[in-house]
Structure formats: C-alpha cells, structure tokens
There are 2 protein chains.
Amino acid sequence: MAKPNIPDIVVSRLPLYLQTLNHLLREGEEVISSEELSEQVGIPAVQIRKDLSYFGGFGVKGKGYDIIHLIDSLRSILNLNQIWPMVIVGVGNLGQALIRYQGFARQGFEIVLALDINPKIIGTEIAGIVVQDVGLMESELKRSDIRIALLTVPANAAQSTADALVANGIKAILNYAPIILKLPEGVRVANIDPVLKLEHLTYYLS
Amino acid sequence: MAKPNIPDIVVSRLPLYLQTLNHLLREGEEVISSEELSEQVGIPAVQIRKDLSYFGGFGVKGKGYDIIHLIDSLRSILNLNQIWPMVIVGVGNLGQALIRYQGFARQGFEIVLALDINPKIIGTEIAGIVVQDVGLMESELKRSDIRIALLTVPANAAQSTADALVANGIKAILNYAPIILKLPEGVRVANIDPVLKLEHLTYYLS
DNA sequence: TAGATTGTTAATCGATTAACAATC
DNA sequence: TAGATTGTTAATCGATTAACAATC
C-alpha cells in the first residue's frame, strides 16, 4: 500500500504549508504566490513549488495559488477530510493538559478515549472525557475505530503500553515519553520530547 | 561566534545518543560498540561514528565506547554541564503541565520564572513557582541570567511575546504556539506542535 | 502583448554509506 | 597474534537549488 515514491521530508513540510495557508485565509487573503508563501513559512519558494509538484499542479501560471483550493488539496493529500478519533494513555499532568487542549479538535483530531492505571484518576472527568481503566484497553479499542494514540505514560511503562496499543490495532503513536519505541513495520511513531529540543538549542548557546 | 562547520543535523542527533546512553548506564552497561548503540537508537552505526568524529575520537578501537566517558563528552559538547534556568510565558493548561513536568529538572533545565497575563492566574503557586504578571518581564529578566524561554501563550499573542522576550535577552525559544515565529538572527527557535506531527502521520494512514 | 509566476529539468550541494586502514 | 571495532576517505545517494520553458 501507501505512496512509496514521495520523500518523507516532503510530506513533513505539507502540514507547515497548510498551517500557514489557514492563517492567511483567516487574514482574508485569497491568492498567494510561492514567493509570498515562502516569506511566511521560511522555506524557499522553489522548494515549495517542487514539493507541491509531487502531488500535482495546484497553481495558476502568472498568478499564484488560490488559497482555498490549495488548502483543500493539502487536506485531501494528508487525509484530513475526516475526524480522527484518538486514544490517550496516561492522564497525568501532561495527559490532562492535552485532553483540554483545543488545538487538536480544531484541526479534526478528537480524543475520545482516555486510559490510566491510577485508581485515583480512573473515573474522573476531564473536558467531558471520563478516564477509563487501562485494563479496558482491549475491549474499548475493539469497539472503536481508533487508529491514533497519544502516549503520555512514564518512560518505564512506554514500551509495554505501546506494544499493547499496537496489538489492539493502533497504527500511529504520538510518543511523549523520552524513550525510543521499538515497534513493528507499518506502525508510525512521532516523538515529542522537549528535552531533546532544549539540548539541541543549548549547543548554540556558546 | 559558534561552530560554523558542523552540520546542524549532526548536532540534532547528539541528544538522542545521550538519551540512549543514559538509559544504558542506568541498566548497568559500561561499554558499548557503535553497532550495539545503533540497535538501541535506530541510527546506522557508521553514522553514529561519523557524527561523533566531528567532535573527536571517543572510542577505543577493537572495544567500543566507555559509556560514562561518552556521556561526559556529549554533555560537554551540548553545554549541559550547568543548570539552565528558563522562563515560561503562558500558564494555561499546557504551561502548568510543563511547570510540573519532572523531566526538565532531571536533565538540568529549571523553570525559575513563570509569567502570565491573566489576573486569576497571577499569584497562584505551581510546583513552588509563583506566577508573576507578564508586565514584570523586563525587570524580572533583567535581574536574572535566563536565556531560554518556553512559549505557551495563545497563537495570537505568540509573536509579540516572543519579540518582548528577545528584547529582554532571551536567546532560545521553545515555541509551543502553532505559528512560525519571525525572529532576528542569533535567536534559536525550536517548535513543538503536535498537530503538525499528527497531520504528518495521517498521510500514511491510507 | 508584456509581465508574472508556475512547474520541471538539470546542476549542485550536502548527507549518508561503503570500504578499509589503523590500532586496541 | 588474531579478532574486533574505531575513525576516515572516497563513493554514492538524495535533497536542494538554479535555470528556464511553458503559459496564464
């Protein structure tokens, strides 16, 4: 399956273009040239055009890109014309903040299931979601079509939790635990570790 | 100033090596070959050796790398042999979660100043930090040596807040707002936007 | 039509990887 | 010494960029 010939690094830039185009649309813009978009997004115009050309021709020569049309196209390419239900495992400080975060739903990502192992947390309600026992993972995932998980458990529980998620049909994991997960082919992982980013930054702070 | 000749992509991998080496050390390992490290970190052994060789020779031919020594070396390269004080601006759900997050302090990053604009939040105490009025940014930063900021304000306040931070001596920003900041040369920005990562993942979910 | 801007081909640049000498 | 593994040079690979034809 899948799209074997498009570089992943190209795909990784599409959400950035989409974010910026949404911003421009909210500001009332209707058409934009690759040069103007380049200024906003900080990526060379020729690279933007090359990236888009992998998927087709979305612009009008001499004019630029119709913003609404390009947003539609990018959303379609990225499979964003649907609501993506998500499970979150680990409802500590970070998990709670993510459940409350409005930015997910705004872009079509909805946390519909929250799991934790702590009896004090199980049963509590956060932003309309009642936290379930992680022991119910199998039954809850079985009767859902959730394919994306947010992993916010402590580092020492992350690998085993990820394994359980994958065993129950999860295909993509946004991993907030500071470890490298080992998962089978076909499962996509994206890591969010602010400490790694900070350590990268400090290299440049003399 | 700075190190002009080492590719940024090489620098970006060093924190990953460090994280894995710390993990191995905790498990009682003392020496590791680039091949074994490669398996743990998911990066080819030859690339690990090449990356390290930009900074010197840290291994022993025929043996591998002394883990403690390599950790020390990487920490020194990344300027981690000090506590980095940080300011956080925006103490909403996410800001509060980050203030409570133990992972920063564990790696030598300490939030010492928290600022917000909301009168209901100003004055509250979170994990030992009393939230200050963002209007005090200038005076508070002036009498500190804080060079790193965590930016967790709403998107529409992010650019102006970042400008103010930079005007008061901040040199590195970990940006949690879903916008691209425009900042002067010499200020480093790292973006943490989970939505962009999710949109990248969904591309591969057929 | 003239001007502007896209989409694409070809060249360049830089990163990854293969090969292997050095050496513990 | 023989075996193992590093560190480095050179080759390869892939991504970025320059140039420009196409065309609105």
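No hydrogens, no waters, no symmetry mates; every other heavy atom, side chains included, goes into these values. As the structure is a prediction and not an experimental result, all values here were calculated from the model. Note on naming: letters A, B, ... go to the chains in the order of the sequence lines (proteins, then strands), and numbering restarts at 1 for each one.
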Whole-Å distance between [N] [atom2] and [X] [atom1]?
X	N	atom1	atom2	result
A/Arg13	D/dT16	CZ	C1'	8 Å
A/Ile9	D/dC13	CD1	C1'	14 Å
A/Glu36	C/dA4	CD	P	13 Å
A/Leu52	C/dT8	CG	C1'	13 Å
B/Glu35	C/dA18	CD	P	11 Å
B/Tyr54	D/dT6	OH	P	18 Å
A/Lys61	C/dG7	NZ	P	6 Å
B/Tyr65	D/dT5	OH	P	12 Å

Any sub-3.5 Å donor-acceptor pair from [X]'s side-chain atoms to [Y]'s backbone N or O?
X	Y	answer
A/Trp84	A/Asn79	yes
B/Ser33	B/Glu36	yes
A/Asp51	A/Val10	no
B/Ser76	B/Asp72	no
A/Thr202	B/Leu78	yes
B/Arg75	B/Asn81	no
A/Ser34	A/Ile48	no

OP1 or OP2 of D/dT5 versus the side-chain N and O atoms of B/Ser34: is any pair under 4.0 Å?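 No.
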Taking the nucleotide of DNA chain D with the closest heavy atom to each, which residue, A/Asp51 or B/Gly56, is nearer the 5' end?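 Per heavy-atom nearest nucleotide, the more 5' residue is B/Gly56.
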Map B/Phe58 and A/Asp8 onto DNA chain D by nearest heavy atom, then report which one ends up closer to the 5' terminus.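 Comparing both residues, the 5'-ward one is B/Phe58.
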Taking every non-hydrogen atom, the tightest pair across B/Ala155 and B/Ala177: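 Smallest interatomic distance, heavy atoms only, reads CA-CB, 4.3 Å.
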Watson-Crick or G-U pairs under 3.5 Å in DNA chain C, rendered as dot-bracket with [ ] for crossing pairs and | for another strand: ..||||||||||||||||||||||
Quick check on contacts: within residues 37-50 of chain B, what sits under 4.0 Å from DNA chain C by heavy-atom distance?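 The answer is B/Pro44, B/Val46, B/Gln47, B/Lys50.
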On the 0 to 90° scale, with breaks at 30° and 60°, tag the A/Phe104-A/Tyr101 ring pair as parallel, tilted or perpendicular.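 Perpendicular: the ring planes of A/Phe104 and A/Tyr101 meet at over 60°.
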